[in-house]
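For ligands, and for the atoms within them, numbers begin at 1 and follow the listed sequence.
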Amino acid sequence: MGFFLFLFLIISFLISVRLFFYRTTLIYRLKKWGHWIEDRIHVHQSLKVPQLNENNQENLFYRKVSTYLNSLSTIEDSDFTNLIYGKKPNGVVLCLDDDQTILDTFLGARVSWTNRVERIEENGLCKKTFLLKLKKKDKRRILQSYIQHIYRASEDIDSRCKELKLYMNTATLSDDHGSIGRWRSVRLTHPATLETIAMDSDLKKKVKSDLEAFLKSRQYYHRLGRVWKRSYLLYGPSGTGKSSFIAAMAKFLSYDVYDIDLSKVVDDSDLKMLLLQTSSKSLVVVEDLDRFITSNSTTVSLSGILNFMDGILNSCCGDEKLMVFTMNSKEKMDPAVLRPGRIDVHIYFPLCNFNSFKTLANNCLGVKDHKLFPQVEEIFQTGATMSPAEMSELMICNRGSPGRALRSVMTALQINGDGRKSVLAAEESSSSVAETSSVLVMDSSCSVPVVKEIQKLYGLLKMKSSKKIGPSDQFSGSMDRR
Ligand SMILES: Nc1ncnc2c1ncn2[C@@H]1O[C@H](COP(=O)(O)OP(=O)(O)OP(=O)(O)O)[C@@H](O)[C@H]1O
Ligand SMILES: [Mg+2]
């Protein structure tokens with residue numbers, strides 16, 4: 001009995017000591033002393049990573065080390081650190097303080113980094129250096145792979161926090177800030193994401209997984225001896241979300257967008273030059289390709305465009321590229337333009353159906369369900385439809401009252417419905433949904449003239465509704481329209 005009591009007391013004592021160590025900073029202190037003693041026993045080597053090289057130019061490795069160190073979990077656990085406003089909205093990042101040291105471990109070796117900042121009295125400038133200290137015995141074993149690890153990790157972080165850019169080609173060479181050769185850039189601020197695009201949910205999933213598979217297939221493309229690129233054709237009536245989808249794709253992939261305006265391209269070789277000046281991990285976009293090809297409104301020849309879409313030059317302008325072309329209709333297109341390899345994925349953007357209406361109602365009005373939904377569904381069943389652009393603007397104009405917004409959508413659909421029925425009946429026979437291993441095709445009915453009719457009708461509706469709505473609604477109701 002006495003023995004068990006003694007054992008119990010010993011165990012309780014040990015648990016209390018352990019709790020005491022962990023609840024206080026003692027364990028932390030002990031670890032620190034342990035490291036201090038270990039550091040005195042081993043021979044260390046120090047390596048400097050200066051911010052500037054001998055020509056006073058930026059040492060890019062310094063920036064990579066900085067990104068890497070600021071992402072380490074040890075910085076979160078350090079005694080003190082700086083909180084700095086980050087690139088992402090509402091994002092705050094941790095940042096090493098001057099002369100702060102943090103620890104890192106790699107392949108079982110412990111290394112320390114010190115953020116050395118020397119102030120130069122004469123000119124008041126600072127000389128910044130990262131000082132890497134590691135055991136001499138670990139140096140040969142880990143240094144090479146540790147440097148590669150820092151490179152990879154910082155590039156990964158950079159691509160995740162990257163600010164996306166939209167490049168547009170200019171008619172002449174530009175030396176403005178943010179320009180590269182003939183490309184001029186602005187921040188890509190389009191708010192569309194794949195989630196906000198009203199689109200058949202299965203198709204959206206297929207596109208997402210196609211994009212994800214593309215991102216992972218570097219080895220595959222290289223083994224096949226093919227350029228790591230994929231081409232998409234987005235086609236459908238005006239206002240169905242093709243341009244918004246491009247912005248959403250760019251965000252999903254974290255790629256910059258190079259938007260080529262063919263009317264500003266002088267000739268075939270000019271088009272080649274533009275392509276050569278694009279970087280990898282980008283989306284190269286040509287909007288309204290059908291208009292340029294069928295109306296000869298560009299000085300670029302058809303063969304120039306075909307070579308641009310799938311020529312030898314593609315292999316010289318950086319890997320990992322998506323090419324996206326938009327059209328209202330592909331009917332009058334030369335089959336050579338659409339052949340696999342030039343276009344891998346065809347995505348049709350249809351006018352609204354009940355499902356896309358629900359997505360738009362959720363986006364624009366924050367309404368997931370409403371008592372008027374069954375009536376709207378009935379109207380869609382009669383074959384009435386309109387473009388998502390028209391529908392979302394009707395909703396935005398009336399966003400103060402979801403009921404009024406839905407009624408205005410219903411009225412627009414009803415007035416238009418009779419006219420569309422005959423069009424849809426004629427087109428239904430030709431509608432199909434098909435998919436092959438490399439090509440996604442979704443065809444259904446569309447007719448641009450009808451969209452124009454709705455635009456006229458929409459003008460009338462807007463006038464009517466603007467009489468009832470408040471000043472903010474009137475403002476958005478008078479938004480510029482195509
Ligand atoms: N499928 C959609 N889902 C969500 N919003 C959409 C959709 N289609 C259009 N819109 C809205 O309508 C507006 C116009 O869309 P967008 O410019 O992407 O159409 P488009 O197909 O590129 O038209 P165009 O052929 O005339 O260039 C966008 O601001 C977007 O908010
Ligand atoms: Mg567009």
Side-chain angles (χ1 to χ4, degrees), residues 166 168 188-208 232-252 257-263 283-295 297 324-333 346-368 380 385-399 405 409 412 442-455 458 462 476-482:
L166 168 65
M168 292 153 290
L188 179 67
T189 50
H190 200 295
T193 61
L194 287 183
E195 277 60 48
T196 61
I197 300 279
M199 187 184 208
D200 177 74
S201 58
D202 281 345
L203 180 65
K204 204 187 274 187
K205 269 189 216 144
K206 277 181 195 157
V207 176
K208 267 191 188 175
Y232 280 73
L233 172 67
L234 316 182
Y235 69 104
S238 189
T240 48
K242 300 178 292 297
S243 304
S244 313
F245 193 72
I246 293 172
M249 278 168 113
K251 280 197 205 157
F252 183 74
V257 176
Y258 287 86
D259 188 2
I260 298 189
D261 181 350
L262 281 181
S263 66
L283 272 163
V284 179
V285 176
V286 180
E287 291 242 48
D288 303 323
L289 185 63
D290 52 342
R291 186 162 58 83
F292 285 108
I293 291 183
T294 54
S295 68
S297 57
V324 187
F325 305 95
T326 72
M327 290 179 190
N328 283 135
S329 160
K330 55 178 187 176
E331 267 164 30
K332 290 186 190 145
M333 268 305 106
H346 298 229
I347 306 178
Y348 179 59
F349 284 73
L351 295 172
C352 272
N353 60 19
F354 183 58
N355 283 334
S356 42
F357 153 80
K358 282 198 288 190
T359 311
L360 292 176
N362 191 19
N363 289 351
C364 305
L365 306 170
V367 171
K368 279 200 165 59
F380 271 113
T385 184
M386 67 201 300
S387 78
E390 302 291 328
M391 189 169 281
S392 50
E393 284 206 28
L394 274 177
M395 290 179 182
I396 291 167
C397 284
N398 295 292
R399 64 187 179 280
V409 166
M442 188 168 168
D443 272 345
S444 69
S445 56
C446 63
S447 152
V448 178
V450 179
V451 176
K452 299 249 163 68
E453 277 167 31
I454 300 200
Q455 284 176 340
Y458 174 68
K462 214 165 46 171
S476 53
S478 65
M479 279 194 311
D480 198 13
R481 302 187 47 73
R482 273 166 293 126

Min side-chain heavy-atom separation Leu194-Phe245 under 4.5 Å: yes
Location of contacts on Thr359 toward ligand 1, heavy atoms closer than 4.0 Å: neither
Any idea which of Cys352, Pro350, Ser244 brings a heavy atom closest to atom 15 (O) of ligand 1? Ser244
Would one find an N or O of Ala198, backbone or side chain, under 3.5 Å from an N or O of ligand 1? yes
Inside 2.8 Å of the Mg ion (ligand 2) but strictly below it, how many protein N/O/S atoms are present? 1
Asn363: heavy atom below 4.0 Å from ligand 1, yes or no? no
Under 3.5 Å: N/O of Phe245 near N/O of ligand 1: no
Ignoring hydrogens and angles, state whether a donor on the side chain of Ser356 or Asn353 is under 3.5 Å from an acceptor on the partner side chain. yes
Within this structure, what is the CG-OG1 distance for the pair Leu289 and Thr294, rounded to the nearest 0.5 Å? 9.0 Å
Which is it for Glu331 and Asp290 under the side-chain contact (heavy atoms from CB on, under 4.5 Å) test, yes or no, and what are the steps along the way? CA-CA 9 Å; Glu331 267 164 30; Asp290 52 342; over 6 Å; no
Output, in order, the C-alpha distance, side-chain angles, deciding distance and verdict of side-chain contact (heavy atoms from CB on, under 4.5 Å) for His190 and Val257. CA-CA 11 Å; His190 200 295; Val257 176; over 6 Å; no
Phe357 and Phe380 aromatic ring geometry - parallel, tilted or perpendicular at 30°/60° bounds: tilted
Based purely on interatomic distance, does Gly241 place a nitrogen or oxygen under 3.5 Å from a nitrogen or oxygen of ligand 1? yes
With nothing but distance in play, are any N or O atoms of Ser238 less than 3.5 Å from an N or O of ligand 1? yes
Before signing off on this row, confirm whether Glu287 and ligand 1 have an N or O atom pair separated by under 3.5 Å. no
Could you grab the distance from atom CZ of Phe349 to atom OH of Tyr235, nearest 0.5 Å is fine? 10.5 Å
Within-4.5 Å side-chain heavy-atom neighbours: Leu360 and Pro388: yes
As a quick check of understanding, evaluate side-chain contact (heavy atoms from CB on, under 4.5 Å) for Glu287 and Asp261, giving each step before the final call. CA-CA 8 Å; Glu287 291 242 48; Asp261 181 350; over 6 Å; no
What residues form a side-chain contact (heavy atoms from CB on, under 4.5 Å) with Thr193, not counting sequence neighbours? Glu195, Thr196, Lys251
Here the atoms of ligand 1 under 4.0 Å from any heavy atom belonging to Asn328 are 25 (O)
